[in-house]
Amino acid sequence: MIKTRFAPSPTGWLHIGGVRTALFSWLFAKSQSGQFYIRIDDTDTSRSTKEYCDSIISALHSLGLNSDRELMYQSKRFDVYIDKIEYLLNNNLAYYDQVEVNEKTKDTNLDIQYENRLNKLGHVIRFKNPKENPVKLKDLVHGEITFNPKTFHDVVILRSNGVPTYNLTSVVDDTELGITHIVRGDDHLSNTAIQINLFKAFNETVPVFAHLAMIHGVDGKRLSKRHGAVDINSFLDEGYLVEALINYLVKTGWSHGDQEFFSTDDLLKLFTIDKVTKSSAIFDYDKLNWLNQHYIKNKDLSDIADMILPYLTDLNIKVSDRKYLENILSLGIDRDYNLKNIASGLTYYFENDLNYKSDDFVKFDPIKSKAVIENVIKKISNIDFDNKENISNCIKEVCSDMSLKFKDVGPAVRFALTARLKAPSIDELCFTLGKDKALKRLNDFYAFLSLA
RNA sequence: GUCCCCAUCGUCUAGUGGCCUAGGACACUGGGUUUUCAUCUCAGCAACAGGGGUUCGACUCCCCUUGGGGAUGCCA
């Protein structure tokens, strides 16, 4: 059975590129009835935090990328690694080396000591990396790669503070978990030769590797904080749908002809590693936004209502009438691309007193507008709000009575109803707001114009 | 510096030697729909990094150059 893993290091937020690696690893296993495991590679004890760890786990869970076994934490397995290092030492495959902190390693925090029987102050243990032969790798996405032994070096497997390092722990745990296929970012490609040699040193089966190209920022550099909010939780928090995120991430680096939309079920049927691209991609916010809007538009209104409630709460809006909310959403759901923005674009439906700003209204003539509003109020007070037709006709009548074109009437009315220039059509607006609210706003705006 | 990886429209990609005057999508531009905006819709713009081979024929195969990325840590 195929077994893959995702092994994040909780030294930062899980960014969107990491999520894609997890997704591909998960899809590779799951599309072939295999298993997917999550392992927390927290051997860098000074930089790993519980906060990062929890946020990574929670994000993966939100995305549906769940581990098929209990999470493995490397920080809880130091005794296992010590045994393994001792094995290498006893078989002349590792050795002690006296080291000093240098320019390159000065940032490494060695304050936390992990006392163990191999630990020797001022000494690290290095793996005796065989340098006689090139290492050949048959990578599932890159094909055959030959590593020149010229650059092989003896990597540290135990730090001077007694903490084992990634190259060792990763190999030990991949063996322990029975990982058959390692799907990871190609920033690990250079480490692979070392790790293959380590697997061999332990006489263990070398897993199959699949190195994924990375996602870069617009500057072509690897994605990081300086490219803006790229951590997965910020996308989730802003109201990007899981469907959209997955669809976006899978489409960058993998394709199935010209198909643009994929559900998770589709992916489970269609995903194959041979359609994964070798070249890196640049993160495209526009395309993600477009996809997110697509999924929001196509979701049931009641689902969106559920999902948008927390965003409205954050804006201090209490929704008492569920039906009213759904009506509003039907007018405003495709006006923005994430739930947070949609929610903040909807506030005027709930406010009792709109905050009219003259700056926004500067292009309209206050005297004319006042007359228009006055007429609209008169007409609209006498009509039935049961259908939109009535409201629409009412506005038309005002136009003809005053010999004005719609463009001289519409914007002022729309502004009165919403305090903004861009909004749904007036009849929809009035119909959804209801007669009382609509009239109150028209009167409020009339008063506002009188003061101005 | 050394090693490794990568290279099609601005971006994500299709393309596995003839189907390519290179297809789709996002973005952008213009038109239509919409009483504004958004949505929707139609159209347009726009690419095989360069140079050598191989071949009857190269986007596709090989080599070189160039460009980009990664590794070269007591990070992962």
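Throughout, a chain's letter reflects where its sequence line sits, starting with A, and its residues are numbered from 1. Treat the numbers as computed from the prediction; the structure is a model and nothing was measured. Side-chain atoms are counted along with the backbone in the values below, which use heavy atoms only and exclude waters and symmetry mates.
When the P atom is used for both B/A47 and B/U34, the distance is 36 Å, rounded to whole Å. B/G51 sits 10 Å from B/U66 when the C1' atoms are compared, rounded to a whole Å. Taking atom P on both B/C45 and B/A22, the two are 11 Å apart, rounded to the nearest angstrom. Rounded to whole Å, the P atom of B/A49 lies 10 Å from the corresponding atom of B/C59.
The cationic group of A/Lys3 does not satisfy the cation-pi geometry with A/Tyr37, failing either the under 6.0 Å distance to the six-membered ring centre or the 45° limit from the ring axis.
Partner of A/Leu223 under the side-chain contact (heavy atoms from CB on, under 4.5 Å) criterion, chosen from A/Ile215, A/Ile282, A/Asp231: A/Ile215.
Residues A/Phe283 and A/Tyr248 bring their aromatic ring centres within 6.0 Å.
Of all nucleotides present, none satisfies the Watson-Crick or G-U wobble test against B/A38 with each distance under 3.5 Å.
Applying the 3.5 Å distance criterion, the base of B/A38 shares no donor-acceptor pair with the side chain of A/Asp336. For A/Lys251 and B/A25, a side-chain-to-base donor-acceptor distance below 3.5 Å is absent, hydrogens and geometry of angles not being considered. At a cut-off of 3.5 angstrom, counting only N and O atoms as typed in the model, there is a donor on one side and an acceptor on the other between the side-chain of A/Ser160 and the base of B/C74. Between the side chain of A/Asp258 and the base of B/G23 there is at least one donor-acceptor pair of N/O atoms closer than 3.5 Å.
Picking from B/A76, B/C26, B/C4 the nucleotide with the shortest atom distance to the side chain of A/His188 gives B/A76. Of the candidates B/C5, B/A76, B/C74, B/C74 carries the atom nearest the A/Leu110 side chain, counting heavy atoms from C-beta on. Considering only the side chain of A/Tyr166, B/A76 comes nearest among B/C6, B/A71, B/A76. Closest contact between the side chain of A/Phe147 and the listed nucleotides B/C4, B/U11, B/U72 involves B/C4. Residue A/Asp186 places its side chain closer to B/C5 than to any other of B/C5, B/C40, B/U11. In this structure, of B/A25, B/U72, B/C4, it is B/A25 that holds the atom nearest to the side chain of A/Lys287. For A/Lys275, whose side chain is taken as the heavy atoms from C-beta onward, the closest listed nucleotide among B/G15, B/C6, B/C74 is B/G15. If you check B/A76, B/U13, B/U11 against the side chain of A/Thr252, the one that comes closest is B/U13.
Distances shown here put a side-chain N or O of A/Lys278 below 4.0 Å from the OP1 or OP2 atom of B/C6. OP1 or OP2 of B/A71 lies within a sub-4.0 Å distance of a side-chain N or O belonging to A/Arg222. For A/Lys221, a side-chain nitrogen or oxygen approaches OP1 or OP2 of B/G69 to under 4.0 Å. OP1 or OP2 of B/C3 sits under 4.0 Å from a side-chain N or O of A/Lys150. Remark: A/Ser190 is not in phosphate contact with B/C5, judged by side-chain N or O atoms under 4.0 Å from OP1 or OP2.
Both A/Thr43 and A/Asp286 lie close to RNA chain B; mapped to their nearest nucleotides by heavy-atom distance, the more 5′-ward contact belongs to A/Asp286.
Contact of the A/Leu168 side chain with the A/Phe127 side chain is not registered, since no non-hydrogen atoms from C-beta on lie closer than 4.5 Å.
Heavy atoms of A/Gly253 sit under 4.0 angstrom from primed sugar atoms or phosphate atoms, though from no base atom.
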